[in-house]
Amino acid sequence: MTEGEALGHIYTNGCDADCDVCGFIRENTGHNWANGNCTICGEASPTKAVITAEPTTGYAKMGEKVTAKVAAEGEGLTYTWYIKNAGSSKYSKSSVTKSSYSVTMSDKVKDRLVFCRIYDQYGNMVQSKTVRLREAASINKEPATAAYAQMGKKVSVKITASGDGLTYAWYIKNEGGSKYSKSSVTSATYSTTMSDKAKNRRVYCVVKDKYGKTVQSKTFLLRESVSITTQPKTVSVAKNKTAKVTVKASGDGLKYTWYIKNANGTKYSKSSVTSATYSVKMSSKANGRRLYCIVTDKYGNKVQTQTVILKKK
């Protein structure tokens with residue numbers, strides 16, 4: 001080198017701003033990161049994105065939100081979720097760019113596979129595990145809170161549920177009981193014969209899917225419905241004697257309403273009699289009178305007797 005000739009600057013690499021010979025500071029744009037390395041100097045990134053909590057299988061009832069969430073550490077993180085619906089052959093990129101993927105459970109979403117790719121500012125990428133979005137057991141339809149049946153008749157409570165591999169467990173508590181016990185019924189319908197023991201029994205159902213998710217129905221009350229135990233009968237009495245027709249019924253808080261139609265009448269009318277026995281003095285007007293009774297319990301259930309006739313001897 002000739003004396004007095006300027007020396008060229010020497011830099012450690014293409015991203016080094018300080019000359020190793022003279023300390024001259026050149027204008028430098030810094031590293032250009034891609035895939036965790038600088039494309040200019042080849043230096044590796046100082047940190048890498050890491051997943052601290054993997055997403056887990058998401059469960060939700062139809063129409064409710066289902067979520068898969070990932071937690072990660074790193075600098076300048078961005079999130080990209082990929083999805084594949086049941087029956088599809090490949091994944092597609094979703095529009096979700098947050099650490100949580102949320103969607104409303106539907107027939108389309110059910111059994112969807114999802115995973116997330118997380119990128120840091122250096123271009124490092126880490127991929128989460130793949131999880132599935134599953135429908136959780138849900139009860140879609142329940143009857144009213146009470147079911148009614150006459151003594152000796154079947155009383156039933158039926159629920160409609162959705163989910164995968166559902167099982168049903170019914171629990172019962174008889175009137176006066178202190179706790180519920182598990183019954184032997186394992187179908188969606190609980191049925192029993194109405195009896196003094198079954199009357200006012202409380203029942204509910206726990207529905208469980210094959211993933212272990214459970215949902216409990218509301219509690220139902222089994223009530224005795226009004227029933228006729230002895231029908232009224234046609235009677236014949238002499239003039240001016242009292243004709244009596246009686247109905248015997250079973251149920252709670254019974255009320256009696258008698259309807260009558262005279263021999264020459266065209267329609268029935270409501271009488272003033274509100275007891276289980278209809279009484280009237282036999283007369284020409286009463287002769288041939290037809291009558292029946294509607295018995296109503298305190299729950300609003302009704303039953304009608306057979307029609308009988310008052311005859312004069």
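As the structure is a prediction and not an experimental result, all values here were calculated from the model.
Within 6.0 Å of the NZ atom in K255, the count of heavy atoms belonging to other residues, nucleotides or ligands does not exceed 12. No more than 12 heavy atoms of other residues, nucleotides or ligands shown are found within 6.0 angstrom of NZ on K244. Atom NZ of K311 has 12 or fewer heavy atoms from other residues, nucleotides or ligands within 6.0 Å. Taking a 6.0 Å sphere around CG of N35, one finds it holds 12 or fewer heavy atoms contributed by other residues, nucleotides or ligands. Remark: R202 CZ is loosely packed, at most 12 non-hydrogen atoms of other residues, nucleotides or ligands lying under 6.0 Å away. Summarising the local packing, CZ of R117 is surrounded by more than 12 heavy atoms from other residues, nucleotides or ligands at distances under 6.0 Å.
Note on K199 versus E224: salt bridge recorded, some NZ/NE/NH1/NH2 to OD/OE distance being below 4.0 Å.
Taking the side chain as every heavy atom from C-beta outward, Y190 and I172 approach each other to under 4.5 Å. Using a 4.5 Å heavy-atom threshold, the side chains of K218 and Y204 count as separate. Side-chain atoms of K312 and M282, non-hydrogen and from C-beta on, do get closer than 4.5 Å to each other. Between L133 and Y101, the closest side-chain pair of non-hydrogen atoms falls below 4.5 Å. The shortest side-chain heavy-atom distance between I228 and V295 falls under the 4.5 Å cut-off. Inter-residue side-chain proximity for I51 and I118 is flagged as met; some heavy-atom pair is nearer than 4.5 Å. Side-chain contact between S217 and V207 is absent, with no heavy atoms from C-beta onward closer than 4.5 Å. In this structure, the side chains of L310 and V245 come closer than 4.5 Å at one or more pairs of heavy atoms.
Residue S236 comes nearest to K313 through the heavy atom pair O-CE, 3.2 Å, listed as atom of the first residue, atom of the second, then distance. Nearest heavy atoms, C293 versus V247: SG-CG1, 4.2 Å. Nearest heavy-atom pair across T189 and S187 is O-OG, 2.8 Å. Here the closest non-hydrogen pair linking P143 and V157 is CG-CG1, 3.8 Å. Taking each heavy atom of Y59 and A136 in turn, the nearest pair found is CB-CB, 4.1 Å. In terms of heavy-atom proximity, P55 sits nearest to A68 at CB-CB, 4.3 Å.
Each of T192, T193, V203 was compared with V155 under the side chain to side chain contact (heavy atoms under 4.5 Å, CB included) criterion, and only T192 meets it. Residue Y292 forms a ring pair (Phe, Tyr, Trp, His ring centres under 6.0 Å) with just one option from Y256, Y268, W258, and that option is Y268. Across K141, K61, E135, a single residue satisfies side chain to side chain donor-acceptor pair (under 3.5 Å) together with S162, and that is E135.
Clustering ILVMFWY residues whenever any of their side-chain heavy atoms sit less than 4.5 angstrom apart, transitively, puts L166 in the very cluster that holds I139. Linking ILVMFWY residues whenever their side-chain heavy atoms come closer than 4.5 Å, directly or via other members, leaves I309 and V235 in distinct clusters.
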*Audit row: K110, D164, salt bridge (Lys or Arg N to Asp or Glu O under 4.0 Å) steps and yes/no*: CA-CA 11 Å; K110 181 180 177 180; D164 296 330; 3.0 Å; yes
*List the steps and the verdict of salt bridge (Lys or Arg N to Asp or Glu O under 4.0 Å) for D120 and K48.*
CA-CA 7 Å; D120 64 16; K48 290 185 178 182; over 6 Å; no
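Among residues two or more places apart in sequence or in another chain, the ring pair (Phe, Tyr, Trp, His ring centres under 6.0 Å) test is passed with F220 by none.
Donor-acceptor pairing under 3.5 Å is recorded for the side chains of S102 and T67.
Put simply, the side chain of E175 never gets that close to the backbone of R201: no donor and acceptor are under 3.5 Å apart.
Applying the side-chain hydrogen bond (donor to acceptor under 3.5 Å, both in side chains) rule to pairs touching residues 69-87 yields T47-E75, E75-Q121, E75-Y122, N85-R112, sequence neighbours excluded.
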